[in-house]
Amino acid sequence: MGGEPSQDAAFRLGHLPSLISETYREWISNSPFRLSAVVAYYAVLSLPALLIIILNSVGAVWGTEVVQGKLSEEIALALGKDAAIAIEGMVRETQDREKNIIATIIGISVLLYGATGVFYQLKVSLNTIWYIRPNPKVVIWKVVVDRMQSFAFILVIAFLLLTSFILTAAITALTDFISSQLPDIVLYVAYLLDFVFSVGIISLLFALMFKYLPDVKIRWKTVWVGALLTAVLFVIGKLLLSLYFGQAQPGSTYGAAGTVILVLLWVSYSSLILFFGAEFTYVFAERYGQGIRPSEVAEIDQASKQNN
């Protein structure tokens with residue numbers, strides 16, 4: 001690692017190459033492809049439940065049909081139209097089933113447990129990347145707390161999606177007005193605003209994730225640096241992935257399982273970007289902050305840290 005944390009150290013632009021280099025070494029040493037595969041697997045299992053909770057919570061404010069249309073547009077942009085149709089059918093099938101009271105209670109329990117699975121695995125992965133492990137003395141009740149915390153992040157995503165939809169609608173209205181009243185060059189300003197808002201919302205999500213999801217204590221200053229870098233990489237990666245899926249169509253080889261393969265690939269690639277941002281946050285904290293310390297329910301995994 002980059003030595004002991006120093007509160008007197010100040011970041012300079014010339015430090016960036018060595019920061020990126022050290023981040024890459026740390027990233028590779030923590031087996032990011034294995035971690036991203038685990039998260040992708042749980043994402044597939046969590047997807048129907050996750051979408052239903054987001055659809056119902058955001059739909060209560062924005063309108064279920066509108067939200068479903070917006071989500072379908074986003075999925076189509078990321079994975080393609082066929083995948084969006086398949087996922088829509090998956091969610092519709094889950095919602096349309098008639099159930100008795102007992103089956104409903106069981107269904108809700110399974111829904112909540114399944115929806116939190118992907119965030120629970122993200123928590124485990126971030127702890128691994130930052131050399132943190134749970135304190136064995138608090139494992140029993142901590143599992144329940146972790147699941148509740150994961151559900152809270154689903155609600156955060158729902159709120160951010162609602163905010164994003166509102167901002168997108170406002171920008172679309174502004175763009176339509178500009179296109180009819182002002183020169184075309186002003187349209188690029190609206191597109192730039194859309195990009196800035198997207199990066200801002202995603203940065204906020206990553207900042208909350210880095211701050212509250214792992215079992216750590218970390219300074220907000222460090223969190224925002226890592227979250228902003230991760231958000232920029234994520235937006236660029238999202239664009240590249242949509243182009244790749246649109247041109248290469250990697251899911252077409254697998255027939256009926258193509259949608260599942262596309263979700264696995266998208267989440268896996270996105271997780272790699274997230275883990276790289278997390279590694280950068282760790283390296284930045286070690287160099288320029290006070291490091292990343294375990295919370296009261298965790299401890300440093302000294303064995304893993306020494307091996308890397």
Side-chain angles (χ1 to χ4, degrees), residues 1-5 16 18-43 46 116-136 139 142-143 145-146 149-150 153 202-234 237 264 266-308:
M1 273 304 306
E4 292 297 321
L16 192 59
S18 65
L19 265 176
I20 297 297
S21 176
E22 186 173 347
T23 297
Y24 177 78
R25 289 196 301 270
E26 284 287 316
W27 182 69
I28 286 295
S29 68
N30 277 309
S31 304
F33 295 95
R34 177 180 61 82
L35 294 177
S36 66
V38 173
V39 173
Y41 169 77
Y42 278 93
S46 303
T116 58
V118 64
F119 285 99
Y120 181 77
Q121 290 304 315
L122 277 174
K123 178 189 186 78
V124 172
S125 297
L126 290 173
N127 278 340
T128 300
I129 288 171
W130 289 351
Y131 306 111
I132 301 293
R133 66 181 181 188
N135 189 326
V139 166
K142 187 176 181 302
V143 173
V145 173
D146 287 346
Q149 189 181 38
S150 298
F153 268 91
I202 296 172
S203 295
L204 177 58
L205 174 61
F206 287 143
L208 294 173
M209 195 176 292
F210 290 160
K211 180 70 175 178
Y212 296 112
L213 196 56
D215 298 313
V216 299
K217 295 178 180 178
I218 180 173
R219 298 173 66 187
W220 273 112
K221 176 183 176 182
T222 304
V223 164
W224 284 117
V225 172
L228 182 59
L229 173 73
T230 309
V232 172
L233 292 177
F234 184 83
L264 284 170
W266 193 90
V267 175
S268 181
Y269 292 154
S270 299
S271 296
L272 290 174
I273 295 172
L274 171 62
F275 296 151
F276 188 87
E279 291 287 10
F280 180 87
T281 305
Y282 179 82
V283 173
F284 190 91
E286 290 289 302
R287 282 201 191 185
Y288 308 108
Q290 296 175 331
I292 294 178
R293 296 171 292 159
S295 66
E296 292 80 4
V297 296
E299 59 188 17
I300 297 176
D301 189 350
Q302 294 290 358
S304 298
K305 192 170 183 179
Q306 289 173 1
N307 289 336
N308 287 337

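Excluded from the calculations below are hydrogen atoms, water molecules and symmetry mates; all remaining heavy atoms, backbone and side chain alike, are included. Computed from a predicted model, the values in this text were never measured in an experiment.
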Is the closest side-chain heavy-atom distance between Thr230 and Met209 below 4.5 Å?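 Heavy-atom side-chain distance check fails, nothing below 4.5 Å.
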
Any sub-3.5 Å donor-acceptor pair from Trp130's side-chain atoms to Ala278's backbone N or O?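 At least one qualifying donor-acceptor pair exists.
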
Would you confirm whether Trp220, through its side chain, and Lys211, through its main-chain N or O, come within 3.5 Å as a donor-acceptor pair?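 Not at all, since once roles are kept as given, no pair shorter than 3.5 Å links the two residues.
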
Looking at CD1 of Ile292 and CD1 of Ile132, how far apart are the two atoms once the value is rounded to the nearest 0.5 Å?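 Atom-to-atom, Ile292:CD1 and Ile132:CD1 are 7.5 Å apart.
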
Criterion side-chain hydrogen bond (donor to acceptor under 3.5 Å, both in side chains) against Ser36, the qualifying member of Ser31, Ser270, Ser268, Ser271: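 Passing option: Ser268.
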
Salt-bridge present (Glu22, Arg287; N to O < 4.0 Å):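 Salt bridge present between Glu22 and Arg287.
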
Looking at Arg133 and Asp215, is any side-chain nitrogen of the basic one under 4.0 Å from a carboxylate oxygen of the acidic one?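 Between Arg133 and Asp215 there is no salt bridge, as every charged N stays at least 4.0 Å from the carboxylate O atoms.
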
Donor on one side chain, acceptor on other, Glu299 and Tyr131, under 3.5 Å: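 Short answer, no.
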
Classify the side-chain pair Ser29/Arg25 by whether it contains a donor and acceptor separated by less than 3.5 Å.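 Side chains of Ser29 and Arg25: no pair found under 3.5 Å.
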
Going by the rule ring pair (Phe, Tyr, Trp, His ring centres under 6.0 Å), which residues pair with Phe119 if we only count those two or more places apart in sequence or in a different chain?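 Ring pair (Phe, Tyr, Trp, His ring centres under 6.0 Å) list for Phe119, sorted by chain: empty.
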
Ring pair (Phe, Tyr, Trp, His ring centres under 6.0 Å) against Tyr41, all qualifying residues, sequence neighbours excluded: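 Counting only residues at least two positions away or on another chain, Tyr41 forms no ring pair (Phe, Tyr, Trp, His ring centres under 6.0 Å).
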
Aromatic ring centroids of Phe234 and Phe206 under 6.0 Å?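 Aromatic pair counts; centres sit under 6.0 Å.
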
Start with the C-alpha distance between Phe275 and Asn30, add both sets of side-chain angles, then the distance that settles side chain to side chain contact (heavy atoms under 4.5 Å, CB included), and finish with yes or no. CA-CA 9 Å; Phe275 296 151; Asn30 277 309; over 6 Å; no

